[in-house]
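Nothing here was measured: the structure is a model prediction, and the numbers come from that model.
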Amino acid sequence: SSTPIPYDAVRETQVQFAPFDVDYGQFTGCAINVVTKSGTNDYQFGGFFEYSDNGMRANNVSSKGRSSLVAPIEPEKRWGVYLGGPVIKDRLFLFGAYEHQEAGQSQDFGPDGAGFPNPQIGITETQFNEIRQVLNDVYGIDTGDIVTSRPFSNDRYFVRADLQITDDHRFETTFQRLEEGTTLPDDLFSGNNPQAVGRNTFRISGTESNYYSGRLFSQWSDNFSTELRYSRSEIQDLQDPIGGGEAQSANPIPRIIVGIDNPTGPDGTVLAGPGNSRSGNDLKT
């Protein structure tokens, strides 16, 4: 969901549509080539901060004569800093940047009476809280609060070093790290057979990724030059329930389903524990 490097680390970009150069491969369509900044003999530093909140959004939306509340969201904050300069003038240079973002998406579905734009008819806020209390008191399992806003956050790190070995040989190395997570609903359904879940059944979807690269540029003569490259990526996929309890964890939590029998219908369901697809996930690349 995030750009892989801080914005202030980008010096220039190049967009190529269906490139045929042999340097590119293993994809079709468009290539975006990003050139990153490097340190120079002059020290450079800076930063920025951005903020917005619900004050920039409407309180309700009208459609076909029906007015609905707009679900609240987390304030959006984005800030970053960068620093570059020489370690050894004319020889060794460093540049680093960091960027953080936190925001939120609205959760539009939830128990009836809890102020959602699209209430789950068949599950009231009171029924949800009663079931949550019993699960907590009797079984020691907490559903978590009713979710009205789904947070999103990311952190991006970038470091680059440039070494001018001689006039004809230059070495460049970079390190990037991306940490991001989006809160997503799991086993939550609306319609004729609604299913309600608390925050602990919601999951974090994202990644923790590290990228390493090194390049050696050499000019051997006026007619002959070489470029050697090395790169490595380590990616940990995230899709963990907020409340934990997957099957492979030290303290697994059972998946509990509680039905609600409404005499006038429709019937509803409240779930606790990890979602149906959270039984045992681990993906590393």
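With hydrophobic clusters built from ILVMFWY side chains whose heavy atoms lie under 4.5 angstrom apart, Tyr211 does not share a cluster with Val159. Under the 4.5 Å side-chain heavy-atom criterion for Ile, Leu, Val, Met, Phe, Trp and Tyr, Ile260 and Phe128 are members of the same hydrophobic cluster. Residues Val197 and Val147 fall within the same hydrophobic cluster, defined by Ile, Leu, Val, Met, Phe, Trp and Tyr side chains chained together at heavy-atom separations under 4.5 Å. Note: the hydrophobic cluster containing Val87 does not contain Phe175 (ILVMFWY, side chain heavy atoms under 4.5 Å, direct or indirect links). Following chains of ILVMFWY side-chain contacts shorter than 4.5 Å, one can reach Ile146 starting from Ile131, so the two form part of one hydrophobic cluster.
Side-chain contact between Pro241 and Glu246 is present, with at least one heavy-atom pair separated by less than 4.5 Å. Contact check for Asp267 versus Asn262: side-chain heavy atoms found under the 4.5 Å cut-off. Asn200 is not listed as a side-chain neighbour of Ile253, based on a closest heavy-atom distance of 4.5 Å or more. Within the 4.5 Å cutoff, no side-chain heavy atoms of Arg232 are placed close to those of Asn210. The shortest distance between side-chain heavy atoms of Pro194 and Phe189 does not fall below 4.5 Å. You'll find the side chain of Ser233 stays beyond 4.5 Å of the side chain of Thr285, heavy atoms only. Contact of the Glu172 side chain with the Ser38 side chain is not registered, since no non-hydrogen atoms from C-beta on lie closer than 4.5 Å. Between Arg150 and Glu74 there is no side-chain heavy-atom pair separated by less than 4.5 Å.
A 6.0 Å sphere centred on OH of Tyr51 holds more than 12 heavy atoms belonging to other residues, nucleotides or ligands. For Asn136, the CG atom counts as densely surrounded, since its 6.0 Å shell holds more than 12 non-hydrogen atoms of other residues, nucleotides or ligands. Counting non-hydrogen atoms of other residues, nucleotides and ligands closer than 6.0 Å to CZ of Phe48 gives a total above 12. The number of heavy-atom neighbours closer than 6.0 Å to CG of Asn41, taken from other residues, nucleotides and ligands shown, is above 12. Within 6.0 Å of CZ on Phe49 lie more than 12 heavy atoms contributed by other residues, nucleotides or ligands. Counted within 6.0 Å of CG on Asp137, heavy atoms from surrounding residues, nucleotides or ligands total more than 12; the atom is thus considered enclosed.
A cation-pi arrangement is absent between Arg160 and Phe95 under the rule of less than 6.0 angstrom and at most 45 degrees off the ring axis.
In this structure, Ala272 and Ile141 approach most closely via the heavy-atom pair CB-CG2, 4.2 Å. Here the closest heavy-atom approach between residue Asp8 and residue Glu99 is recorded as N-OE1, 4.4 Å. Scanning all heavy atoms of the two residues, the minimum distance from Gln248 to Asn281 falls at NE2-O, 3.1 Å. Nearest heavy-atom pair, Thr182 versus Gln105, reported as atom, atom and distance to 0.1 Å: CG2-OE1, 3.8 Å. When all heavy atoms of Val15 and Cys30 are compared, the closest pair comes out as CG1-SG, 3.6 Å. Of all the heavy atoms in Glu208 and Leu238, the pair that sits closest is CG-CD1, 4.0 Å.
Partners of Gln219 according to the side chain to side chain donor-acceptor pair (under 3.5 Å) rule, which considers only residues two or more places apart in sequence or in another chain, do not exist here.
With hydrogens and angles ignored, the 3.5 Å screen pairs a side-chain donor or acceptor of Ser221 with a backbone N or O of Asn223. Not a single donor-acceptor pair under 3.5 Å links the side chain of Thr36 to the backbone N or O of Ala9. Formation of a donor-acceptor pair under 3.5 Å by the Asp187 side chain with backbone atoms of Gly275 is not found in this model. A donor-acceptor contact shorter than 3.5 Å is absent between the side chain of Thr201 and the backbone of Pro274.
Distance CD/Gln120 to CG/Asn193: 11.5 Å, rounded to 0.5 Å. Between the NE2 atom of His169 and the CH2 atom of Trp220 there is a distance of 4.5 Å, given to the nearest 0.5 Å. Once rounded to the nearest 0.5 Å, the distance linking CG of Leu83 with CG of Leu94 reads 9.0 Å. Within the model, atoms CZ of Phe202 and OG1 of Thr143 stand 10.5 Å from one another, a figure rounded to the nearest 0.5 Å. The structure places CZ of Arg215 at 10.5 Å from CG of Asp162, a figure rounded to the nearest 0.5 Å. Tyr7 OH to Gln101 CD: the interatomic distance, rounded to the nearest 0.5 Å, is 14.0 Å.
Of the charged side-chain nitrogens involved, none lies within less than 4.0 Å of a carboxylate oxygen, so that Arg278 and Asp240 do not count as a salt-bridged pair. Remark: Asp155 does not engage Arg177 in a salt bridge, criterion side-chain N to carboxylate O under 4.0 Å.
Applying the side-chain contact (heavy atoms from CB on, under 4.5 Å) test between Phe109 and each of Pro185, Pro119, Ser190 identifies Ser190 as the sole match.
A donor-acceptor contact under 3.5 angstrom links the side chains of Gln239 and Asp237, judged on distance only. Side-chain contact, Asp282 with Gln236: a donor N or O sits under 3.5 Å from an acceptor N or O. Using modelled atom types and a 3.5 Å distance limit, the side chains of Ser106 and Asp108 yield a donor-acceptor pair.
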Problem - Verdict with reasoning, Thr3 to Val10, per side chain to side chain contact (heavy atoms under 4.5 Å, CB included) - result: CA-CA 11 Å; Thr3 56; Val10 178; over 6 Å; no
Practice task
Mind running side chain to side chain contact (heavy atoms under 4.5 Å, CB included) on Asp186 and Leu271 for me, showing each step along the way?
Solution key: CA-CA 10 Å; Asp186 215 352; Leu271 289 84; over 6 Å; no
Practice task
Begin with the C-alpha distance, continue with both residues' side-chain angles, and end with the deciding distance and a verdict on side chain to side chain contact (heavy atoms under 4.5 Å, CB included) for Ile5 and Arg156.
Solution key: CA-CA 6 Å; Ile5 60 175; Arg156 286 168 275 169; 5.9 Å; no
Handout entry: side chain to side chain contact (heavy atoms under 4.5 Å, CB included) assessment of Val35 paired with Gln14
Key = CA-CA 8 Å; Val35 180; Gln14 179 187 48; over 6 Å; no
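Tyr98 and Tyr157 have tilted rings, their planes meeting at an angle from 30° to 60° on a 0 to 90° scale.
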